[in-house]
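Everything below concerns the one structure shown next.
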Amino acid sequence: MKSLAIFGSTGSIGRQALSVAEFHKEEFSVRVIAANSNADAVSKQIECFHPEYVGMYSPDSAKAIRERFPEVTVVSGEEINALAALPEIDTVVNGVSGFAGLAPLLSALNAGKTVALANKESIVCAHHVVDDALNRFGGRILPVDSEQSAIFQCLEAGRREDVRSLILTASGGMFREFSREQLQKVTPEMALHHPTWSMGGKITIDSSSLFNKGLELMEAGWLFGFGPDDIKILVHPQSIVHSMVEYRDGSVLAQLAEPDMRLAIQYALTYPERQTSQLRKLELSKLCTLSFFEPDCEKFPAIPLAYAAFRDGETLPIAYNAANEVAVEFFINKKLGFTDISACVRHVMNKIPCIARVDSADKVYSIDADARRLAREFCENTSSRRNG
Ligand code: NDP
Ligand code: MG
């Protein structure tokens with residue numbers, strides 16, 4: 001039986017990871033759950049899965065859980081990350097949203113754990129630090145992001161030196177057919193609705209702005225060791241082909257399935273085995289069309305900005321991510337327009353002082369803090385210009 005720690009247990013990925021653990025009860029035992037502040041959801045999960053340890057980032061929520069479940073060890077604040085390194089844990093599922101996912105990832109990898117990684121922001125910002133921890137402590141990352149899981153599966157079919165390119169598919173988001181004028185009028189309510197996937201708020205907005213794909217471009221590069229010239233992005237609105245690998249003989253291998261994150265989560269948890277799953281069977285004969293086309297980089301600057309950040313590979317990926325996180329928060333609070341998100345990211349990437357090698361967690365945290373400050377200034381100025 002594998003012992004799991006589920007970080008971000010109350011979110012979209014966390015709940016689906018618990019659903020996989022429940023479906024394969026005989027294979028998995030959930031010994032740690034960790035979240036930010038949602039004590040009600042965590043209470044229900046404790047009743048259902050009986051973990052021995054709970055991490056609640058918010059001290060108030062931790063107190064509420066401690067009072068309700070005196071038999072459970074409950075920790076709060078940064079201490080929750082130590083739960084990813086407990087000796088009794090085999091695999092850590094990282095479903096924390098945003099840059100906050102870096103701390104549990106590093107904690108797990110520094111203890112040599114296997115991490116089923118959904119959180120992409122962490123590897124985008126700290127790939128040297130992540131590689132260093134993998135090399136020193138012998139842990140492993142198994143991808144959960146559906147595109148990365150697809151690439152991982154397609155790479156297993158051939159030799160690395162025979163790969164010509166990776167092809168990342170993108171749903172293209174809700175607004176792929178919008179004009180520039182229509183994009184300027186997009187509201188948070190409109191952007192929080194995704195056509196094919198049901199996900200947390202931040203990634204749903206990132207999917208409609210294509211910042212999610214920009215992050216995934218870098219995530220793929222650093223997970224699998226490919227550069228910006230080796231990875232292409234194709235819009236594929238049906239979200240059936242989850243990504244592809246092109247080999248030098250002209251073969252293109254693709255992974256297809258119904259869009260359901262439980263598949264990628266389960267594959268990361270059972271790898272290298274394949275088990276039965278809760279997925280609906282893919283009825284190929286009922287699919288009318290599978291279409292693919294190039295993304296519109298003028299309407300969606302998230303893509304060219306991501307290639308620029310990827311080429312730098314040091315400071316700019318952190319700036320890209322931090323500025324996007326800040327701008328998305330302003331957008332959700334109706335203090336920034338949808339198209340201002342990419343303007344904010346471009347501004348921060350232009351302003352941030354670049355350093356040659358970002359090879360320590362301290363450097364990552366310091367650049368992230370600088371980038372957030374620049375992004376907040378930009379958002380506040382843009383917001384007051386609008387209202388003034
Ligand atoms: P959600 O917003 O649904 O969930 C986020 C989770 O993170 C919640 O459990 C939240 O707790 C928890 N959390 C937030 N901050 C902290 C913290 N400091 N410490 C511990 N837990 C914290 O996000 P998603 O599940 O949609 O996404 C999670 C990650 O997975 C993202 O990086 C996303 O890009 C990636 N991903 C998601 C996919 C999806 O289908 N949803 C697909 C592929 C990748 P609380 O509820 O208490 O606030
Ligand atoms: Mg994805």
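Order of listing sets the numbers, starting from 1, for every ligand and every atom in it.
Shortest non-hydrogen contact noted between Leu253 and Ala157 is CD1-CB, 3.3 Å. Across every non-hydrogen atom of Phe310 and Gly221, the tightest pair is CZ-CA, 3.6 Å.
Inclusion of Ala34 in the set of residues having an N or O under 3.5 Å from an N or O of ligand 1 is not warranted. Among the atoms of Glu121, some N or O lies under 3.5 angstrom from an N or O of ligand 1. Ligand 1 has an N or O atom lying under 3.5 Å from an N or O atom of Ile13, backbone or side chain. Close N/O approach between Asp145 and ligand 1 is not found [any backbone or side-chain N/O within under 3.5 Å]. Of the N or O atoms in Asn212, none lie within a sub-3.5 Å distance of an N or O in ligand 1. Taking any N or O of Ile203, backbone or side chain, none lies under 3.5 Å from an N or O belonging to ligand 1. For ligand 1, none of its N or O atoms has an N or O atom of Tyr57 under 3.5 Å away. For ligand 1, the polar-atom distance check finds no N/O of Gln16 at less than 3.5 Å from any of the ligand's N/O atoms.
Closest to atom 21 (N) of ligand 1 among all protein heavy atoms lies Ala35 C, 3.4 Å. Ranking protein heavy atoms by distance to atom 6 (C) of ligand 1, first place goes to Gly95 O, 3.6 Å. Looking only at protein heavy atoms, the nearest one to atom 34 (O) of ligand 1 is Lys120 CE, 3.2 Å. Among all protein heavy atoms, the one lying closest to atom 26 (O) of ligand 1 is Gly200 N, 2.8 Å. The nearest heavy-atom contact from the protein to atom 3 (O) of ligand 1 is Ser12 N, 2.9 Å. Given atom 31 (C) of ligand 1, the protein heavy atom at minimum distance is Val96 O, 3.7 Å. Nearest protein neighbour of atom 11 (O) of ligand 1, counting heavy atoms only, is Asn36 N, 3.0 Å.
Linking Ile, Leu, Val, Met, Phe, Trp and Tyr whenever their side-chain heavy atoms come within less than 4.5 Å leaves Phe331 and Phe378 in two separate clusters. Under the 4.5 Å side-chain contact rule for hydrophobic residues, Leu217 and Ile203 do not share a cluster.
Within ligand 1, counting atoms from 1 as listed, the ones closer than 4.0 Å to a heavy atom of Asn38 are 46 (O), 47 (O). For ligand 1 and Ala100, the ligand atoms under 4.0 Å from any heavy atom of the residue are 18 (N). Here is the list of ligand 1 atoms found below 4.0 Å of a heavy atom in Ala118: 30 (O), 35 (C), 36 (N), 44 (C). Near Gly11, the atoms of ligand 1 lying under 4.0 angstrom from a non-hydrogen atom of the residue are 1 (P), 3 (O), 4 (O), 8 (C), 9 (O), 25 (O). Ligand-side atoms of ligand 1 in range of Ile80: 19 (N), 20 (C), range being under 4.0 angstrom from any heavy atom. The atoms of ligand 1 that sit less than 4.0 Å from any heavy atom of Thr10 are 8 (C), 9 (O), 10 (C), 11 (O), 45 (P), 46 (O), 47 (O).
For Tyr271 and Phe152, the ring centers are positioned less than 6.0 Å apart. Ring pair Phe211/Tyr320: centre-to-centre distance below 6.0 Å. Under the 6.0 Å cut-off for aromatic ring centres, Phe178 and Phe338 do not qualify, their centroids lying 6.0 Å or more apart.
Just one of Thr169, Val235, Ile303 meets the side chain to side chain contact (heavy atoms under 4.5 Å, CB included) condition when paired with Lys213; it is Ile303.
For the pair Tyr247 and Val163, the minimum side-chain heavy-atom distance is below 4.5 Å. Between Val54 and Thr73 there is no side-chain heavy-atom pair separated by less than 4.5 Å. Ile6 places none of its side-chain heavy atoms less than 4.5 Å from the side chain of Val32.
Counting only non-hydrogen atoms, the option in Ser37, Ser97, Gly8 that gets closest to atom 47 (O) of ligand 1 is Ser37. Of the candidates Glu147, Met199, Met56, the one placing a heavy atom closest to atom 39 (C) of ligand 1 is Met199.
Gln275 and Gln266 share no donor-acceptor pair across their side chains, judged by distance under 3.5 Å alone. Residues His128 and Glu314 have side chains that bring a donor and an acceptor to within less than 3.5 angstrom of each other.
We find that Glu294 and Lys232 are not joined by a salt bridge, their nearest charged nitrogen and carboxylate oxygen being 4.0 Å or further apart.
Partners of Thr91 by side chain to side chain donor-acceptor pair (under 3.5 Å), not counting sequence neighbours: none found.
For the Mg ion (ligand 2), protein N, O or S atoms closer than 2.8 Å were enumerated as Asp145 OD1, Glu147 OE1, Glu216 OE2, with waters left out.
Formation of a donor-acceptor pair under 3.5 Å by the Ser149 side chain with backbone atoms of Asp145 is not found in this model.
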- Task: With side chain to side chain donor-acceptor pair (under 3.5 Å) as the test, would you mind laying out the steps for Asp40 and Ser43 before giving the verdict?
- Result: CA-CA 5 Å; Asp40 287 343; Ser43 296; 5.3 Å; no
